[in-house]
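Take a look at the structure below.
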Amino acid sequence: MEHKQLKVFPKSFLWGSASAAYQVEGAWDTDGKGPSVWDNFVRIPGKTFAGTNGDIAVDHYHQYPQDVALMSELGLSAYRFSVAWSRIYPLGNGEINQAGLDFYDRLINELVEKGIEPIVTLYHWDIPQALQDQYGGWESRQIVDDFVRYAKTLFVHFSDRVKYWVTMNEQNVFISHGYKTAMHPPGVRDEKRMYQANHHANLANAAAIVAFRSLGCPGKIGPSFAYGPNYSIDANPENVLAAENAEAFDAHFWMDVYARGEYPPQVWQWLVDNHLAPDVYPEDAILLKQGIPDFMGVNYYRTMTNAYNPLDGVGIEQMNTTGKKGTAQESGLPGVYKHVRNPHLQRTNWDWDIDATGLRIGLRRIASRYQLPVMVTENGLGEYDTLTDDLQINDDYRIDYLNEHALAVQQAISDGVEVLGYCTWSFTDLLSWLNGYQKRYGFVYVDRDENSAKSLTRYKKKSFYWYQEVIRSHGATL
Ligand code: BGP
């Protein structure tokens with residue numbers, strides 16, 4: 001659909017950037033913080049690229065005043081960050097650690113003072129290790145009560161200043177990598193356990209939303225979903241069916257539960273047939289229906305292109321975590337779909353398809369299927385950056401990527417989608433969970449690499465000035 005003129009971004013539209021506690025904070029055992037599962041997982045040899053960890057990360061825990069000053073200089077209207085659960089409750093469900101609350105108080109106050117709207121993610125993958133040890137983390141229903149207690153603590157303490165809350169970041173990613181590919185903690189390969197853990201995460205998500213409303217907190221709350229809209233490789237009906245399967249298994253399976261309180265029927269049938277269905281109690285269905293979010297958060301990086309996959313076809317993916325282009329392998333769910341190369345799209349060095357139109361398509365699909373506003377809670381390009389001798393970073397490739405994606409958001413708005421805001425991933429460079437420090441996303445370059453934390457000096461990239469103009473013009477320069 002071509003528009004003669006695009007709609008302008010709504011007045012209240014938030015121009016943001018996002019991060020996650022483990023990827024920026026460092027200070028992994030400072031001021032009473034308990035260990036999270038990631039603090040331990042990164043120490044298992046071979047789990048992360050070049051053995052990288054977030055012990056220091058980009059030291060945001062100590063350098064946040066400087067980082068917020070840079071955000072203010074850029075002109076961000078929002079900053080999305082996550083709270084490390086084990087800073088607040090070092091054991092997950094025991095005593096509160098006041099020093100943890102104090103850190104986020106300082107950060108939030110700094111943001112509010114500078115006119116930057118805080119968007120707080122309750123959970124970005126760093127479950128306290130103590131809960132993993134006590135009862136297997138997400139595999140136990142006990143997690144629901146503990147998650148709600150933690151969420152309520154944050155709501156009560158911060159909701160005078162925080163109006164946007166993200167319950168859970170990319171449940172589809174932390175559950176699949178945690179229990180299927182074993183690339184994330186707890187590093188399990190067991191699909192039965194995966195679907196049960198996933199069900200508990202659904203319950204925790206809904207219960208946190210219900211708690212938010214029962215406390216009468218002002219503002220909006222919703223999950224952030226990693227959505228890679230699915231295409232068919234061509235018009236062969238078998239491939240189209242595979243693409244529909246991929247959409248059902250990889251998107252509706254999560255978003256339908258969030259937005260409708262129900263599992264999609266074809267996936268549920270497949271789970272039953274394969275003896276993988278989780279235990280669902282009658283009261284679960286009620287809770288899931290009560291916990292419908294105010295918005296759907298969308299983390300968008302790429303689309304997925306699909307083809308027919310026989311029962312003896314390809315399975316679990318081999319991810320490219322080295323940045324050596326062309327090393328990703330075809331993957332899929334046997335008998336359901338497989339992801340294939342899209343000949344129409346360029347790829348990054350980490351083999352992610354670059355597709356701005358896919359963002360527009362994804363936003364429209366969510367709006368029409370769920371009738372919810374959307375917030376783009378992450379979007380960005382992970383690439384190598386070079387600091388020149390005269391201390392410049394000329395990341396035109398990132399500017400191109402972000403410009404066309406932000407434009408796709410404006411097109412979606414022009415198509416009638418309600419979009420609350422756009423958060424790029426990320427503000428400063430930060431730790432990529434599995435890809436080390438060489439896969440960079442920020443507007444601000446941080447002087448560190450896989451081998452050493454170096455000086456941790458911040459340098460503004462060319463994209464910093466590009467986003468500054470976009471925000472200053474409220475999108476008119478896109
Ligand atoms: C999302 C996560 C982020 C971030 C981003 C980039 O899935 O929510 O935490 O890491 O992806 O991914 P990567 O670092 O793997 O390139």
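Order of appearance sets the numbers: ligands from 1, and atoms from 1 within every ligand.
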Distances under 3.5 Å, N/O of ligand 1 against N/O of the protein: list each pair and its distance.
residue, atom, partner, partner atom, Å
ligand 1, 7 (O), Glu170, OE1, 2.4
ligand 1, 7 (O), Glu170, OE2, 2.9
ligand 1, 8 (O), His124, NE2, 3.3
ligand 1, 8 (O), Asn169, ND2, 2.9
ligand 1, 8 (O), Glu170, OE1, 3.3
ligand 1, 8 (O), Glu170, OE2, 3.3
ligand 1, 8 (O), Glu378, OE1, 3.2
ligand 1, 8 (O), Glu378, OE2, 3.0
ligand 1, 9 (O), Gln23, OE1, 2.8
ligand 1, 9 (O), His124, NE2, 2.9
ligand 1, 9 (O), Trp433, NE1, 2.9
ligand 1, 10 (O), Gln23, NE2, 3.1
ligand 1, 10 (O), Trp433, NE1, 3.3
ligand 1, 14 (O), Ser432, OG, 2.5
ligand 1, 15 (O), Asn435, ND2, 3.2
ligand 1, 16 (O), Lys439, NZ, 2.6
ligand 1, 16 (O), Tyr441, OH, 2.5

Original post:
On the ring face of Tyr179, is Arg193 found with NZ or CZ under 6.0 Å from the centre and within 45° of the axis?
Top reply: no
Original post:
Taking side chain as C-beta onward, heavy atoms only, is Arg87 less than 4.5 Å from Tyr104?
Top reply: yes
**OP:** Give a yes or no on whether the ring-centroid distance for Trp85 and Phe147 is below 6.0 angstrom.
**Re:** yes
Original post:
Does Phe464 have Lys460 sitting over its ring (NZ/CZ under 6.0 Å from centre, angle to axis within 45°)?
Top reply: yes
Subject >> Row check, Trp352 ring normal vs Lys325 NZ/CZ: under 6.0 Å, within 45° >> reply: no
Original post:
What's the spacing between Asp146 CG and Ser140 OG if we round to 0.5 Å?
Top reply: 8.5 Å
